[in-house]
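Notes follow once the structure below has been shown.
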Amino acid sequence: MITVRFPDGATRDFAAGTTGTTVVEQISKSLAKATVAMKIDGVMKDLSEPVPDGALIAFVKRDDDEALDMIRHDAAHVMAEAVQELWPDTQVTIGPSIENGFYYDFYRKTPFSEDDLRRIEKKMAEIVQRGCAFTKEVWTRDEAIKVFKAKGETFKVELISAIPEDQPINIYKQGQWFDLCRGPHMRTTKDVGTAFKLTKVAGAYWRGDSNREVLSRIYGTAWASKDDLDKYLTMMEEAEKRDHRKIGRELDLFHLQDEAPGSVFWHPKGYMIWRQLEGYIRRRLDDDGYVEVKTPQLIDNKLWEQSGHWGKFRENMFVVPDEVPSTEDDEHIITGEGNLMALKPMNCPAHVQIFKQGIKSYRDLPIRMAEFGCCHRNEAHGALHGLMRVRQMTQDDAHIFCTDEQVTDETKRFLALFARVYGDMGLTNIKYKLATRPEIRAGDDATWDRAEKSLADALHASGIEFEYSPGEGAFYGPKLEFHLTDAIGRSWQCGTYQLDYVLPDRLDATYVAEDGSRKRPVMLHRAVFGTFERFIGIMIENYAGRMPVWLSPVQAVVATIVSDADAYAEKLVADLKAKRLRVELDARNEKINYKVREHSTQKIPLIFVVGKREAEEGTVSVRRLGEDGQKIMTAAEAIAMLAEESIPPDLR
RNA sequence: GCCGGUAUAGCUCAGUUGGUAGAGCACCUGAUUUGUAAUCAGGGGGUCGGGGGUUCGAGUCCCUCUGCCGGCACCA
C-alpha cells in the first residue's frame with residue numbers, strides 16, 4: 001500500500017504501483033477526463049507514471065496554465081512526426097517548447113520553405129486526430145544508439161552519446177513514431193488540440209555552433225484553445241504596428257537607405273528626441289560627478305594593437321588607409337600597405353589616453369569620464385535591424401577609473417543612476433543579468449571571483465533581482481547587462497556595466513597610491529541608455545510613437561478652424577515659441593476634422609484648436625491625444641500647462 | 001556571415017498561362033471658411049532594386065550582386 005497526499009490536505013491509500021491515471025480516475029471521472037498530467041511533489045510527471053509512497057500529488061488539467069508548456073512540447077513532437085511522415089529523408093534533432101510556442105530543428109538536404117508549412121499543419125491535424133498515446137520507455141545507451149543509427153539519425157546519436165552515464169535514456173512513443181525526450185508528455189496526441197499554427201521557417205546551427213551544420217527550424221505557436229490562439233495572433237498583429245521602423249517612417253523620425261546600411265539618417269523630428277535625451281542624460285551625469293570629453297574618430301591601429309582590439313575585434317572594425325589617395329593609383333592604398341587607421345569601435349582606449357596625460361594620484365580617483373561617443377562597428381549584415389542594431393552608433397558611454405576598494409560603491413552609485421533614469425523614462429520590465437567569466441579570458445580566478453562577487457553584492461544591496469548569464473562576460477571582466485524587450489518581445493541589451501582589470505594594464509595606466517607606489521586603476525565601462533539608436537528604438541516601441549510631452553518632437557499644434565482666427569493663432573504660436581515650446585501652426589484651408597485626424601495620427605500630444613469664438617474670447621480649445629472631447633482654457637493657461645508638461649523629469 | 005523569404009509610384013499593395021504598368025492614401029492645382037479622427041474636382045509622378053541571360057518580346061522565367069524581412073550565429 002502507498003499513501004498519497006492531495007493539495008487540500010486529504011490523504012488516500014492505493015495499491016503499490018498505482019499510476020496517476022488510476023488515482024485520478026478513482027477520485028472523479030470528470031476530473032480524469034480533463035487531466036493531462038500530474039505534479040508529484042511539485043514536479044511535472046506523466047500521468048502514466050506510478051505514484052510514489054507519501055507523495056503530494058496535484059493534477060494538471062489541459063486548460064491549466066501549467067499545461068500550456070506541455071501542449072507546446074507535444075505539438076513539437078507531433079510536428080516532427082508529421083515532417084518525417086511527409087519527408088522520410090529528414091532527420092530530427094531537438095524541439096523544445098518556447099515562449100508562446102515551440103520549434104523543432106530538422107536536417108534535410110533541401111531546407112523547408114514557407115509553402116511546406118501548410119502541408120505540415122494538415123498532417124499534424126491528422127496525427128492529433130489519431131490520438132495515439134504518448135508512452136515512455138527507458139532504453140539502454142547502446143540500444144538507443146543502435147536504433148537511431150539504423151534509422152540514419154546521426155544527430156540523435158550525438159545527443160544520446162552526450163547524455164551523462166548516470167542519466168536514463170527516455171524514449172517517448174506516439175504510435176509508430178518515437179523520439180528521444182526528457183518528457184513529460186500529456187496522455188495522447190489528441191491533447192495537443194487544434195489551436196496551433198506554424199509561423200515561420202528559419203536556419204539554425206546545430207548546437208548553436210556556426211561551424212556546424214545548418215538545420216532547418218520550424219517555429220509554431222500553440223494554445224489551449226482556438227480563442228487563445230486567435231487572441232495571440234491578433235496581439236502580434238497589433239504589436240507589429242508598434243515597430244519602430246514603421247513608426248519612424250510614419251512620424252518622419254529617421255530613415256535608412258541602401259547606400260549606408262546600418263547608419264541612420266536622423267530627420268529633424270527624430271533628432272529632436274535624441275537632443276532631448278542627450279540633454280537629459282548629460283544633466284544627470286553632470287549631477288553625478290562625471291566629466292565629459294570628446295575623443296577622435298580615427299585612431300592609428302598601433303593603439304588598437306596595444307589595446308588588444310586589433311587582435312580580437314579587427315573583423316568588426318572599419319580600417320582606413322592613412323594616406324592621401326592618388327587619383328591615378330589607389331590600388332596600394334586599398335591593399336593597406338601603408339599606415340592604417342581605424343574608426344573607433346569603442347571609446348575606452350581613447351579615454352585611457354586622457355587619463356594618462358599627466359600624473360594621476362589616488363586623490364583624483366574616482367574619475368568618471370563620459371563621452372557621447374560615436375562608434376563604428378562592422379556588424380555581420382544579417383544582424384542589422386533598424387535602430388536596434390546599427391553600424392554607426394552613439395553611446396552614452398563613460399569610463400570610471402577607480403581603486404579596487406571603490407568598485408562596490410561605484411557599482412551601487414551606477415545602479416542608482418540607472419534606476420533613476422529608467423524610472424524617468426517610464427520604462428519598466430527591465431531584465432538584469434550578471435554575465436560571468438567566459439572560457440577564454442584574461443586574469444586569474446581569484447580576481448574573477450572578487451569581481452563577480454562585488455557585482456552580485458551591489459545588486460543584492462540595491463535590492464535588484466537578477467539572473468546569471470554564465471560564461472557571457474567580457475574577456476576582461478564580468479558584466480551587468482540591462483535588457484529590455486521590443487514590441488514583439490525580442491530582448492535587447494541597452495545599458496551595460498563592466499569591470500575591467502585588463503585594459504589599464506595593456507595601455508599602462510597608473511596612479512600614484514598613498515604609499516607613493518604606482519598602481520593600476522580599475523576601469524569600469526558603463527552606459528545607461530547603451531546607444532542612442534537602440535534606446536530611441538526601444539522608446540518608440542514602448543510608447544508606440546506617443547512620446548511623453550517632454551520628448552515629443554512637436555509638442556502641440558495650433559490649428560485654426562477659420563481664417564479669421566489666423567492672426568490670433570499666429571500670436572499664440574509666437575507666445576508658445578517664446579517659452580521654447582515646440583509648436584507648429586496649422587492654418588491651412590482645411591476642415592478641423594481633417595486637421596485633428598492628421599495631427600492625431602502624427603501622435604502630437606496636444607492640439608490647440610482656435611476658431612472665431614476662441615479668438616474673440618482669448619481662449620484655446622485643448623484636445624489631448626488619446627482622449628475624447630476638449631477643454632476650453634485661456635491662452636495663458638494653455639501656455640502654462642504645456643510649459644509645465646514639457647519640463648524634463650530631472651528638472652521637475 | 002548562415003538558412004529561408006522578399007524587392008512594382010513617397011507609403012500600402014494589385015498586376016492572370018511572358019505581349020512595353022494600375023488602385024487607395026500622400027503630393028500639386030482649383031473650388032470650399034469649415035467646431036474636434038479623412039470636403040469635392042482635376043493633375044503630375046514608375047528605364048518594375050543593379051547587372052547579365054533565355055525569348056520576336058521579360059515587372060513576370062533563369063543566373064548574379066545589393067538592400068530589406070524572419071530566424072541562427074555574433075553583439076549596445
Side-chain angles (χ1 to χ4, degrees), chain A residues 103 105 108 110-117 199-219 240 243 245-246 249-250 252 255-262 313 315-316 345-346 375 377-390 393-397 472 474 479 481-484 488 490 492-496 498 525 527-535 537-538 559-566 587-602 607-614 621-625 627-630:
Chain A
Y103 69 77
D105 285 346
R108 231 181 130 222
T110 47
F112 297 105
S113 71
E114 304 269 350
D115 299 334
D116 297 327
L117 297 187
T199 49
K200 53 199 173 193
V201 286
Y205 297 107
W206 170 234
R207 308 221 124 182
D209 184 343
S210 58
N211 295 315
R212 302 209 53 182
E213 296 88 340
V214 177
L215 307 173
S216 190
R217 175 174 297 179
I218 301 178
Y219 283 92
E240 276 161 25
D243 190 313
R245 293 164 297 189
K246 184 173 153 66
R249 185 173 54 240
E250 288 166 353
D252 193 19
H255 85 268
L256 291 148
Q257 68 185 48
D258 294 358
E259 290 81 357
F313 210 70
E315 287 175 1
N316 290 296
M346 35 195 79
C375 296
R377 296 181 191 171
N378 197 351
E379 303 286 357
H381 283 213
L384 300 181
H385 183 97
L387 294 179
M388 301 299 198
R389 192 77 182 269
V390 292
M393 71 209 82
T394 301
Q395 303 169 308
D396 63 323
D397 199 12
E472 294 294 311
K479 310 196 254 191
E481 298 176 349
F482 307 92
H483 295 257
L484 289 112
I488 67 165
R490 285 176 291 221
W492 298 92
Q493 184 187 333
C494 291
T496 183
Q498 310 175 9
H525 307 247
V528 183
F529 293 154
T531 65
F532 283 90
E533 288 81 1
R534 179 175 293 180
F535 191 76
I538 288 284
T560 55
I561 297 173
V562 290
S563 53
D564 287 350
D566 283 2
R588 289 174 303 174
N589 181 10
E590 294 289 352
K591 293 176 87 161
I592 192 63
N593 296 30
Y594 180 88
K595 296 185 184 181
V596 165
R597 178 184 152 78
E598 186 172 292
H599 300 126
S600 297
T601 57
Q602 282 296 302
I607 305 176
F608 291 171
V609 175
V610 294
K612 218 170 180 174
R613 201 183 310 144
E614 287 76 11
S621 170
V622 177
R623 184 189 175 93
R624 194 174 285 273
L625 182 63
E627 288 179 16
D628 288 332
Q630 45 271 306

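Not measured: the values here are computed from a predicted model. Each chain gets a letter, A, B and so on, in the order the sequences are listed, and its residues count up from 1.
- Residue A:Arg217 is classed as a sugar-phosphate contact, given heavy-atom separations below 4.0 Å to backbone atoms only.
- In this entry B:rA41 has B:rU29 as its Watson-Crick or G-U wobble partner, both defining distances falling under 3.5 Å.
- At a cut-off of 3.5 Å, with distance as the only test, a side-chain donor of A:Gln257 or A:His255 sits close to an acceptor on the other residue.
- Of all nucleotides listed (B:rA37, B:rA73, B:rG70), B:rA73 comes nearest to the side chain of A:Ala383.
- Residue A:Arg245 places at least one side-chain N or O under 4.0 Å from the OP1 or OP2 atom of B:rC69.
- Checked for salt-bridge contact, A:Arg623 and A:Glu627 miss the test: no charged N lies under 4.0 Å from a carboxylate O.
- In this structure, A:Arg249 reaches the B:rU12 phosphate: one of its side-chain N or O atoms is under 4.0 Å from OP1 or OP2.
- Salt bridge status for A:Lys479 with A:Glu472: absent, with no side-chain N to carboxylate O gap under 4.0 Å.
- The side-chain heavy atoms of A:Phe608 and A:Glu614, taken from C-beta on, include no pair separated by under 4.5 Å.
- Within 4.0 Å of A:Glu590, counting heavy atoms only, lies at least one base atom of the nucleic acid.
- Pairing of B:rG1, defined by two Watson-Crick or G-U wobble distances under 3.5 Å, is identified with B:rC72.
- In this structure, of B:rA76, B:rG1, B:rC3, it is B:rG1 that holds the atom nearest to the side chain of A:His381.
- At a threshold of 4.0 angstrom between heavy atoms, the contacts of A:Ile592 are confined to the sugar-phosphate backbone, with no base atom among them.
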